[in-house]
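These notes concern the structure reproduced below.
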Amino acid sequence: MHPPTDDDLRRLGETLASAALAQHLTVVTAESCTGGWIAKTLTDLAGSSAWFDCGMVVYSYEAKQALLGVNPHTLEAHGAVSRETVVEMVSGALVHSAATLAVAVTGIAGPGGGTADKPVGTVWIGWKRRGGYPQATVHHFDGDRDAVRRQTVATALRGLIELAA
């Protein structure tokens, strides 16, 4: 399977935009391995200021703690690429924004950084709607750094679309 193209990502963004506008929802992103790519995809759309609140790129442990309120113990005990961390990231994104829908991503895009337990391509994605419970899933994407990141962006957007439904 080929990674999503720019057009694929744009179409997903447009679908999310329509759903968000129809339901008066706003979006926040908390991104590690995608480096702001989800936010870029969404803000590339004209009129995104009507439904996109903000995005945070949080690579370091310190940034995850300062900008999203991730507990240092969570990072020490489970690592950045974990269910526990992504749940705290997505919850913190809502706490630190005015948005109603949040997505958070943390993973190992490669080419280095993988381990036996968490190989390159391991990505945790979390979603949460204000007032709801966080959802988190682990993915094992194939391909190079670009392919892993593209698949992460597409999966994150699909989850936001489902959450907005």
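Model, not experiment: these values are computed from the prediction.
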Quiz item: More than 12 foreign heavy atoms under 6.0 Å from CG of Asn71: is that the case here?
Solution: yes
Practice problem: Please identify each residue that fulfils ring pair (Phe, Tyr, Trp, His ring centres under 6.0 Å) with His140, with sequence neighbours left out. | Solution: none
Exercise. Please list all pairs passing the side-chain hydrogen bond (donor to acceptor under 3.5 Å, both in side chains) test where one or both residues lie in residues 106-117, with sequence neighbours left out.
Key: none
Quiz prompt | Donor-acceptor contact present, side-chain Arg145 to main-chain Gly110, <3.5 Å | solution = yes
Quiz prompt | Hydrophobic cluster membership, Val86 vs Leu101, 4.5 Å side-chain cutoff | solution = no
Practice problem: Flag yes if Val138 and Val123 sit in one hydrophobic cluster, no otherwise; membership is Ile, Leu, Val, Met, Phe, Trp, Tyr, and two members link when side-chain heavy atoms are under 4.5 Å apart. | Solution: no
Exercise. Quick one: which residue pairs count as a side-chain hydrogen bond (donor to acceptor under 3.5 Å, both in side chains) with a foot in residues 150-159, not counting sequence neighbours?
Key: Asp6-Arg150, Asp146-Arg150
Quiz item: Other hydrophobic cluster members with Leu68, side-chain heavy atoms of Ile/Leu/Val/Met/Phe/Trp/Tyr under 4.5 Å, chained?
Solution: Val28, Met56, Val58, Tyr61, Leu67, Val70, Leu75, Met89, Leu94
Self-check item: Exercise: do Lys64 and Ser32 side chains pair donor with acceptor under 3.5 Å
Solution: yes
Practice problem: Verify the cluster assignment for Ile125 and Val87: are they in a single hydrophobic cluster under the rule of side-chain heavy atoms below 4.5 Å apart? | Solution: no
Quiz prompt | Donor-acceptor contact present, side-chain Thr122 to main-chain Pro119, <3.5 Å | solution = yes
Self-check item: Qualifying residues under ring pair (Phe, Tyr, Trp, His ring centres under 6.0 Å), relative to Phe141, sequence neighbours excluded
Solution: His139
Quiz item: When you measure from the side chain of Thr74 to the backbone N and O of Thr85, does any donor-acceptor pair fall under 3.5 Å?
Solution: no
Quiz item: Quick one: side chain to side chain donor-acceptor pair (under 3.5 Å) partners of Ser48, sequence neighbours excluded?
Solution: none
Quiz item: Does Val81 offer a backbone N or O that forms a donor-acceptor pair with the side chain of Lys118 under 3.5 Å?
Solution: yes
Quiz item: Do side-chain atoms of Arg149 reach the backbone of Cys33 as a donor and acceptor pair under 3.5 angstrom?
Solution: yes
